[in-house]
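Report on the structure given below.
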Protein chains: 2
Amino acid sequence: MAVSQAEQFCNEKGLRYTEPRAAVLSVIQKSKKPIGAYDVLAQLGDRLDNPKPPTIYRAIEFWMGHGFVHKIESLNAFVACEAGHAHKGSQFIVCDGCGAVEEIHLCHLPEALDKKITESQFDMTRWSAEIHGLCVKCS
Amino acid sequence: MAVSQAEQFCNEKGLRYTEPRAAVLSVIQKSKKPIGAYDVLAQLGDRLDNPKPPTIYRAIEFWMGHGFVHKIESLNAFVACEAGHAHKGSQFIVCDGCGAVEEIHLCHLPEALDKKITESQFDMTRWSAEIHGLCVKCS
DNA sequence: TTTGTAATGTTATAATATAACAATTCTACT
DNA sequence: AGTAGAATTGTTATATTATAACATTACAAA
């Protein structure tokens, strides 16, 4: 099997691509919708031996820190991001009907918000936008 | 004491301005920072008789539905909003140092996001943006 | 003044997340 | 190879956030 982008990323950065990390990322990547931490846990049974919440949360934190996973705060759920280079921002369109999520990849904070940040000399570390409603299929 | 904006809003709309609702809103309004539901609960002791979580969550839901309270998802905490007319969106700048929060009142979804919504014919009900970092005092 | 609806009270529990410390594994260095 | 130090994981327990379910009360309109 080919080396995944995430594994390669770890190799290059001198980070450890461990079994819990690999397994957790894999479950999130395979999920077609945002997945909760305890659902990740439930799906790890095959691959890890009786995993516990901290195992999942640590791996999630690790991947979030490197931009491979985002949290959708309004759902308490996680999604994989193809981009392994962490943007400061994440943006999602969430259908409250079918649960489908689309990630938007904006490279910059929108003008109106950026203006505020600059004005107040705020040192931004991260930002997120979450848009809820119904997708065209559900409405 | 003068009739509050929220009470007036309820009178005009034929909504009940009940004691739990009034008390919960008051606590959130008086808080200078986002306040968690259980902290609201703790501060209600004087005014309500042994309140329980559902009491708080119901009142919060009520006020959120009418735009008097917003939830900051990334903090699991709530803030009061002066505007009693619900915009679809809320935007916050959150200092991770001192916990201060500034609400930004954008009337419209930023262009780049709006474009996506329109393209995909998404029926938006609400949106939020949350910006984290350090305010000028904390950095 | 009844009658239906909305709101609240109450009990219990679900769902999400982290603290604390022990055990293990990996890496770098000798 | 052997070992010290650091990072990671294992494990137990518990904290935090939120809601389900049903009983009771208060209100508004006929």
Side-chain angles (χ1 to χ4, degrees), chain A residues 6-7 10-28 31 33-45 47-66 68-79 96 99, chain B residues 6-7 9-28 31 33-45 47-66 68-79 96 99 130:
Chain A
E7 186 170 359
C10 287
N11 289 341
E12 286 168 3
K13 297 275 186 176
L15 301 167
R16 292 197 212 163
Y17 185 74
T18 62
E19 184 57 19
R21 288 175 180 171
V24 165
L25 181 59
S26 168
V27 168
I28 296 174
S31 174
K33 294 179 180 174
I35 184 171
Y38 281 75
D39 290 333
V40 174
L41 194 57
Q43 293 197 26
L44 283 176
R47 192 153 166 193
L48 300 180
D49 177 33
N50 191 24
K52 308 286 194 324
T55 300
I56 275 59
Y57 280 102
R58 284 166 181 156
I60 288 173
E61 183 180 37
F62 175 82
W63 292 120
M64 284 181 62
H66 295 104
F68 282 88
V69 167
H70 296 304
K71 181 176 186 180
I72 301 185
E73 297 282 0
S74 54
L75 299 176
N76 292 320
F78 304 90
V79 293
D96 294 320
Chain B
E7 185 170 1
F9 175 89
C10 287
N11 290 339
E12 286 169 3
K13 298 274 186 175
L15 301 167
R16 292 198 213 162
Y17 185 75
T18 62
E19 184 56 18
R21 288 175 180 172
V24 165
L25 181 59
S26 169
V27 167
I28 296 174
S31 173
K33 294 179 181 175
I35 183 170
Y38 281 75
D39 289 333
V40 174
L41 194 58
Q43 293 198 26
L44 284 176
R47 193 156 167 189
L48 300 180
D49 177 33
N50 191 25
K52 308 287 194 322
T55 300
I56 275 59
Y57 281 103
R58 284 166 182 156
I60 288 172
E61 184 180 37
F62 175 82
W63 292 121
M64 284 182 60
H66 297 292
F68 282 88
V69 166
H70 296 304
K71 181 175 186 180
I72 302 186
E73 297 282 0
S74 54
L75 299 176
N76 293 319
F78 304 90
V79 293
D96 294 320
E130 299 177 12

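In what follows, chains carry the letters A, B, and so on, assigned in the order in which the sequence lines appear, proteins first and then strands, with residues in each chain numbered from 1.
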From the options B:Arg21, B:Arg47, B:Gln43, select the one residue that forms a side chain to side chain contact (heavy atoms under 4.5 Å, CB included) with B:Ser26. B:Arg47
Name the residue from B:Ile28, B:Asn76, B:Asp39, B:Val79 that meets the side chain to side chain contact (heavy atoms under 4.5 Å, CB included) definition with B:Pro34. B:Val79
Could you go through the side-chain contact (heavy atoms from CB on, under 4.5 Å) check for B:Phe68 and B:Cys10 one step at a time? CA-CA 11 Å; B:Phe68 282 88; B:Cys10 287; over 6 Å; no
Atom-pair distance ([atom1] on [X]; [atom2] on [N]), nearest Å:
X       : N      : atom1 : atom2 : answer
B:Glu61 : C:dA6  : CD    : C1'   : 13 Å
A:Ile56 : D:dT8  : CD1   : C1'   : 14 Å
A:Trp63 : D:dT8  : CH2   : P     : 11 Å
B:Leu15 : D:dA28 : CG    : P     : 12 Å
A:Phe62 : C:dT18 : CZ    : C1'   : 20 Å
B:His66 : C:dA7  : NE2   : P     : 8 Å
B:Lys52 : D:dA23 : NZ    : C1'   : 13 Å
A:Arg16 : C:dT25 : CZ    : P     : 11 Å

Minimum-distance pair of heavy atoms, taken over all atoms of A:Leu25 and A:Trp63: CB-NE1, 3.5 Å
For A:Arg21 and for B:Pro54, find the nucleotide of DNA chain D with the closest heavy atom, then tell me which residue's nucleotide is more 5'. A:Arg21
Between B:Phe78 and A:Glu19, the residue closer to the 5' end of DNA chain D by nearest nucleotide is A:Glu19
Closest to side chain of [X], choosing from [options]:
X       : options                : answer
A:Arg58 : D:dT11, D:dT17, C:dT8  : D:dT11
A:Tyr38 : C:dT16, D:dA18, C:dT10 : C:dT16
A:Lys71 : D:dT9, C:dT11, C:dA17  : C:dA17
B:Thr18 : C:dT8, D:dA18, C:dA17  : C:dT8

Could you tell me the separation between the [atom1] atom of [X] and the [atom2] atom of [Y], rounded to the nearest 0.5 Å?
X       : Y       : atom1 : atom2 : value
A:Leu44 : A:Asn50 : CG    : CG    : 11.0 Å
B:Leu75 : A:Glu73 : CG    : CD    : 8.0 Å
B:Glu7  : B:Arg16 : CD    : CZ    : 14.5 Å

5' precedence on DNA chain C between A:Gly36 and B:Leu48 (nearest-nucleotide basis): B:Leu48
Examine C:dG9: is either OP1 or OP2 under 4.0 Å from a nitrogen or oxygen in the side chain of B:Thr55? Give yes or no. yes
OP1 or OP2 of C:dA17 less than 4.0 angstrom from a side-chain nitrogen or oxygen of A:Asn76, does that happen here? yes
With a 4.0 Å cut-off on heavy atoms, is B:Pro20 in touch with a base, just the backbone sugar-phosphate, or nothing at all? sugar-phosphate
With a 4.0 Å cut-off on heavy atoms, is A:Pro51 in touch with a base, just the backbone sugar-phosphate, or nothing at all? nothing
Heavy-atom donor-acceptor pair, B:Tyr57 side-chain to D:dA20 base, under 3.5 Å: no
Rounding to 10°, can you tell me the angle the first-five-pair axis of the helix from C:dT1-D:dA30 to C:dT30-D:dA1 makes with its last-five-pair axis? 30°
B:Glu19, CD: over 12 other non-hydrogen atoms inside 6.0 angstrom: yes
